[in-house]
Amino acid sequence: MATPGVGAACLAPSAATAPRRRADPARARACHARPRLLQLVRRRCVAELSREGPASRPLHSPAQQLAPPLVPGLLAPPTQAPSPTTEPDAGVGDLEPELHLEGIDEDSVDRTVVVVSEQDSEIMDAKEQTPAKVTRSIVFVTGEAAPYAKSGGLGDVCGSLPIALAARGHRVMVVMPRYLNGSSDKNYAKAFYTGKHIKIPCFGGSHEVTFFHEYRDSVDWVFVDHPSYHRPGSLYGDNFGAFGDNQFRYTLLCYAACEAPLILELGGYIYGQSCMFVVNDWHASLVPVLLAAKYRPYGVYRDSRSTLVIHNLAHQGVEPASTYPDLGLPPEWYGALEWVFPEWARRHALDKGEAVNFLKGAVVTADRIVTVSQGYSWEVTTAEGGQGLNELLSSRKSVLNGIVNGIDINDWNPTTDKCLPYHYTVDDLSGKAKCKAELQKELGLPVRADVPLIGFIGRLDYQKGIDLIKMAIPDLMREDVQFVMLGSGDPAFEGWMRSTESSYKDKFRGWVGFSVPVSHRITAGCDILLMPSRFEPCGLNQLYAMQYGTVPVVHGTGGLRDTVETFNPFGEKGEEGTGWAFSPLTVEKMLWALRTAMSTYRDHKPSWEGLMKRGMSKDHTWDHAAEQYEQIFEWAFVDQPYVM
Ligand SMILES: Nc1ncnc2c1ncn2[C@@H]1O[C@H](COP(=O)(O)OP(=O)(O)O[C@H]2O[C@H](CO)[C@@H](O)[C@H](O)[C@H]2O)[C@@H](O)[C@H]1O
Ligand SMILES: OC[C@H]1O[C@H](O[C@H]2[C@H](O)[C@@H](O)[C@@H](O[C@H]3[C@H](O)[C@@H](O)[C@@H](O)O[C@@H]3CO)O[C@@H]2CO)[C@H](O)[C@@H](O)[C@@H]1O
């Protein structure tokens with residue numbers, strides 16, 4: 001059986017010079033053996049268009065009108081309209097009145113001049129965005145995006161990078177699930193049913209998903225609705241662990257994301273077939289595989305490209321190989337997802353270790369690969385940091401780049417932050433001292449300006465090095481210090497945080513849960529932010545900390561090493577640095593860095609103020625990163641699709 005994508009990708013020396021991946025003849029034969037089916041599908045499409053009548057008829061070219069059903073047997077609109085879960089059927093014609101591209105030729109427009117509403121134009125003015133040299137249609141696909149749904153940094157990035165790209169003139173859509181879990185439903189209140197629904201043949205059935213849409217901050221936010229996204233718990237699991245059907249849930253997302261640009265008339269126009277798909281982590285990783293296996297062979301999306309953004313290699317979407325037929329992919333594409341666990345990782349003598357790996361599928365089919373820092377882009381090619389994908393990623397080094405994340409300064413800005421009791425600037429830090437006092441009051445800790453207050457915010461996960469904090473606490477609590485931790489995740493660490501709080505009532509607070517406002521108040525109110533991550537692809541909390549004049553103490557790994565410069569009192573131009581990056585990752589080194597930071601805080605006030613101010617003066621805004629993403633996109637479009 002041919003295995004497109006795998007061996008080929010392993011050997012690929014350079015994007016510029018490597019021969020394009022081509023569908024092998026066996027696969028091509030299999031695809032073309034179905035002309036009658038294609039004809040039927042085309043006929044059904046035309047019939048469907050006539051039935052819908054002129055009001056909802058697409059305005060694009062006839063070729064584009066036929067595009068969606070070119071995928072054999074796939075995605076036919078259901079014969080009966082579904083009943084949307086909550087919102088009334090607004091219909092395509094009833095989308096929001098502000099047509100962001102109305103009257104503009106989609107292909108020729110210079111989108112830098114598109115101003116859609118007073119509010120948007122204010123945002124653009126305030127940011128003084130530089131326009132992109134070339135503007136594109138960009139489709140982000142993600143498991144989460146703030147403020148709709150966020151479990152961590154992926155949500156932050158996918159909630160803000162699209163806005164930064166739109167502000168530079170691109171047409172940007174974000175496709176993500178419409179999670180309704182009781183508590184976050186209000187986040188989707190302004191998203192309306194588009195009138196579009198498709199059926200996705202996978203996992204032994206034909207599953208209907210509907211599309212909701214909100215146009216905000218110049219971005220088309222598209223929400224894929226399906227009952228599997230409506231359940232209590234977090235985005236990916238509940239108290240019993242990860243949901244057992246996550247592979248199904250994100251297979252639906254990927255199929256829906258491939259259809260969205262072809263069928264959704266957003267602001268009156270579809271995105272069409274010339275898009276840059278930005279696929280984030282494993283949840284979106286089937287997209288480039290689908291483009292290669294199910295669209296391009298039929299002439300669709302040949303002008304599109306894909307960029308895989310790796311936020312965290314720890315999650316790859318690996319399931320037993322027996323689920324492959326459920327994915328609706330042609331059998332000959334098995335090799336693209338094929339994953340064999342080493343013997344030591346197998347459970348018993350009969351276990352062959354055969355699995356499918358979604359992220360690997362994108363590593364071997366995406367046109368470009370980006371990690372969220374330069375440091376991490378090297379680490380993923382090493383046995384220590386590559387989580388089993390290092391050889392494949394090394395084989396794609398020529399298309400692998402690192403871009404450090406930015407931060408959303410509308411959300412994370414100590415001068416305007418709505419979650420803070422007081423505001424402050426780099427020139428007047430008095431508000432920060434007041435934020436500290438308020439935080440101490442809120443947490444029930446003694447209100448003291450002189451005691452160093454250390455914070456930790458994050459998912460309670462092996463990645464974040466919580467076990468080191470746990471080991472260091474008895475020593476640390478002997479010092480005159482206060483420590484607050486905010487986090488949720490591993491129940492064992494949650495329990496430890498609670499019990500530690502009762503052991504050190506005047507010094508330690510463990511806030512178990514997920515609260516964005518509390519995370520802002522900790523970031524502003526603390527003096528030091530601790531991040532002893534085992535690995536950290538980029539890390540956002542250290543960037544937020546610096547922006548808020550809170551000095552980061554981090555393990556020097558990945559994006560932490562790239563962004564935190566260790567304090568040097570004897571630099572060429574005087575004192576330098578924005579924090580402490582310690583290495584190797586040991587309890588002793590971490591305590592040493594914390595003690596150095598605390599004594600600088602207590603005994604060298606001017607040096608401490610210098611550290612705070614240098615951190616606050618760094619430009620962590622998205623604009624620079626957005627420009628780098630544009631460069632990656634341009635390189636992708638210079639090349640033919642990696643898998644044709
Ligand atoms: N209990 C809680 N309450 C409130 N807010 C909480 C919280 N726990 C975490 N957060 C928030 O979640 C975000 C965490 O972002 P990080 O980038 O630090 O790590 P994460 O590992 O989730 O992201 C992954 O993706 C990002 C984005 O690319 C990379 O920066 C990172 O290295 C990679 O591991 C921050 O906004 C933080 O404030
Ligand atoms: O934004 C925070 C992170 O969110 C994502 O990670 C999630 C991951 O993609 C999910 O699959 C899930 O991970 C579970 C994992 O699949 C399972 O095998 C088991 O180890 O439990 C995990 C936790 O439930 O949840 C992750 C979030 O906790 C995203 O992929 C990361 O980049 C982000 O760092």
Side-chain angles (χ1 to χ4, degrees), residues 142-147 149-161 233-247 249-250 279-285 309-319 357-359 370-373 375-376 379 387 402-408 411-412 419 455-466 484-491 493-494 497 510-523 529 531 533-545 548 552 554-555 557-563 620 625:
T142 177
E144 55 186 273
K150 162 174 160 175
S151 82
L154 173 65
D156 286 357
V157 171
C158 290
S160 49
L161 173 59
S234 70
L235 311 182
Y236 312 112
D238 56 20
N239 291 342
F240 301 101
F243 293 134
D245 60 351
N246 274 345
Q247 198 187 42
R249 298 166 82 222
Y250 296 103
V279 304
N280 295 276
D281 276 357
W282 78 266
H283 318 106
S285 285
V309 183
I310 299 177
H311 299 263
N312 193 340
L313 266 190
H315 306 292
Q316 299 181 8
V318 181
E319 297 284 344
N357 181 328
F358 274 32
L359 190 67
V370 171
T371 62
V372 289
S373 68
Y376 196 56
E379 288 175 8
Q387 312 249 8
I403 301 178
V404 170
N405 287 328
I407 63 176
D408 183 342
D411 260 5
W412 291 92
C419 304
F456 169 92
I457 301 164
R459 293 178 299 107
L460 302 179
D461 186 283
Y462 174 79
Q463 173 189 349
K464 302 294 175 184
I466 323 284
V484 52
M485 289 182 71
L486 166 66
S488 59
D490 186 332
F493 287 131
E494 291 183 351
M497 271 163 61
W511 209 106
V512 175
F514 195 96
S515 167
V516 172
V518 174
S519 74
H520 283 240
R521 290 200 287 276
I522 290 178
T523 306
L529 189 90
M531 292 182 74
S533 305
R534 265 196 180 73
F535 65 95
E536 198 59 81
C538 175
L540 294 170
N541 286 319
Q542 83 281 9
L543 303 181
Y544 299 146
Y548 280 63
V554 304
H555 172 215
T557 180
L560 298 176
R561 187 172 42 202
D562 286 2
T563 55
H620 294 296

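FYI, side chains are in, hydrogens and waters are out, and symmetry mates aren't considered; it's all heavy atoms of this structure. Indexing begins at 1, ligand by ligand and atom by atom, following the structure's order.
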Per-pair distances, ligand 1 N/O vs protein N/O, less than 3.5 Å:
residue: ligand 1; atom: 1 (N); partner: G513; partner atom: O; Å: 2.8
residue: ligand 1; atom: 3 (N); partner: S515; partner atom: N; Å: 3.0
residue: ligand 1; atom: 15 (O); partner: G153; partner atom: N; Å: 3.2
residue: ligand 1; atom: 17 (O); partner: L540; partner atom: N; Å: 3.1
residue: ligand 1; atom: 18 (O); partner: L540; partner atom: N; Å: 3.4
residue: ligand 1; atom: 19 (O); partner: K464; partner atom: NZ; Å: 3.1
residue: ligand 1; atom: 21 (O); partner: R459; partner atom: NH2; Å: 2.6
residue: ligand 1; atom: 21 (O); partner: K464; partner atom: NZ; Å: 2.8
residue: ligand 1; atom: 22 (O); partner: G153; partner atom: N; Å: 2.8
residue: ligand 1; atom: 22 (O); partner: R459; partner atom: NE; Å: 3.0
residue: ligand 1; atom: 23 (O); partner: G153; partner atom: N; Å: 3.4
residue: ligand 1; atom: 28 (O); partner: H311; partner atom: ND1; Å: 2.7
residue: ligand 1; atom: 28 (O); partner: N405; partner atom: ND2; Å: 2.9
residue: ligand 1; atom: 30 (O); partner: N405; partner atom: ND2; Å: 3.4
residue: ligand 1; atom: 30 (O); partner: G539; partner atom: N; Å: 2.8
residue: ligand 1; atom: 32 (O); partner: E536; partner atom: OE2; Å: 2.5
residue: ligand 1; atom: 32 (O); partner: P537; partner atom: N; Å: 3.4
residue: ligand 1; atom: 32 (O); partner: C538; partner atom: N; Å: 2.9
residue: ligand 1; atom: 32 (O); partner: G539; partner atom: N; Å: 2.9
residue: ligand 1; atom: 34 (O); partner: Q463; partner atom: NE2; Å: 2.9
residue: ligand 1; atom: 34 (O); partner: E536; partner atom: OE2; Å: 3.1
residue: ligand 1; atom: 36 (O); partner: K150; partner atom: NZ; Å: 3.0
residue: ligand 1; atom: 36 (O); partner: D156; partner atom: OD2; Å: 2.5
residue: ligand 1; atom: 38 (O); partner: N541; partner atom: OD1; Å: 3.1

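- Rounded to the nearest 0.5 Å, atoms CG (N312) and OG1 (T371) are 11.5 Å apart.
- Residues that satisfy the salt bridge (charged side-chain N to carboxylate O under 4.0 Å, His left out) test with D562, not counting sequence neighbours, are absent from this structure.
- Proximity of a side-chain donor or acceptor of Q542 to a complementary backbone N or O of L560 within less than 3.5 Å is not detected.
- Proximity of a side-chain donor or acceptor of E144 to a complementary backbone N or O of G152 within less than 3.5 Å is detected.
- Atom 27 (C) of ligand 2 has as its closest protein heavy atom Y236 CD1, 3.9 Å.
- Below 30°, between 30° and 60°, or above 60°: for Y250 and W282 the angle between ring planes is above 60°, a perpendicular geometry.
- Ring to ring, Y236 and H283 are close: their centroids are under 6.0 angstrom apart.
- Close approach of ligand 2 to D281 is summarised as follows: ligand atoms under 4.0 Å from at least one heavy atom of the residue are 29 (C), 30 (O), 31 (C), 32 (O).
- Shown here, atom 19 (C) of ligand 2 is out of close reach of the protein: none of its heavy atoms lies under 4.0 Å off.
- For E536 (side chain) and M531 (main-chain N/O), no donor-acceptor pair under 3.5 Å exists by modelled atom type.
- Nearest non-hydrogen protein atom to atom 28 (O) of ligand 2 is R459 NH1, 3.8 Å.
- Without hydrogens or angle criteria, E494 side chain to V512 main chain gives no donor-acceptor distance under 3.5 Å.
- Ring geometry, H520 versus W412: the interplanar angle falls under 30°, so the pair is classed parallel (tilted spans 30 to 60°).
- Listed by atom number, the atoms of ligand 2 under 4.0 Å from W282 heavy atoms are 8 (C), 9 (O), 10 (C), 11 (O).
- Ligand 2 is approached by S151 to a heavy-atom distance shorter than 4.0 Å.
- For atom 17 (C) of ligand 2, the closest heavy atom belonging to the protein is A242 CB, 4.0 Å.
- Atom 7 (C) of ligand 2 lies below 4.0 Å from at least one non-hydrogen atom of the protein.
- With ligand atoms numbered from 1 in the order given, ligand 2 contributes 6 (O), 7 (C), 8 (C), 9 (O), 13 (O), 15 (C), 26 (C) to contacts under 4.0 Å with heavy atoms of H315.
- A donor-acceptor distance shorter than 3.5 angstrom exists from the side chain of S373 to the backbone of P537, with no hydrogens or angles considered.
- Taking only nitrogen or oxygen atoms, main chain and side chain alike, N246 does not reach within less than 3.5 Å of ligand 2.
- If you look at L154 next to ligand 2, the close heavy atoms, those under 4.0 Å, come from the backbone and the side chain alike.
- Less than 4.0 angstrom separates some heavy atom of N312 from each of these atoms of ligand 2: 31 (C), 32 (O), 34 (O).
- Atom CZ of F243 is surrounded by more than 12 heavy atoms from other residues, nucleotides or ligands within 6.0 Å.
- A donor-acceptor contact shorter than 3.5 Å links the side chain of H555 to the backbone of S533.
- Ranked by closest heavy atom to atom 1 (O) of ligand 2, the top entry among S488, G152, C538 is G152.
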Quick one: do D281 and H315 satisfy side chain to side chain donor-acceptor pair (under 3.5 Å)? Show the steps, please. CA-CA 8 Å; D281 276 357; H315 306 292; over 6 Å; no

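- Each of the following atoms of ligand 2 lies closer than 4.0 Å to a heavy atom of E144: 1 (O), 4 (O).
- Within the 4.0 angstrom cut-off, atom 30 (O) of ligand 2 has one or more protein heavy-atom neighbours.
- At least one donor-acceptor pair under 3.5 Å links the side chain of R534 to the backbone N or O of Y462.
- The residue K150 has no part lying near ligand 2, judged by heavy-atom distances below 4.0 Å.
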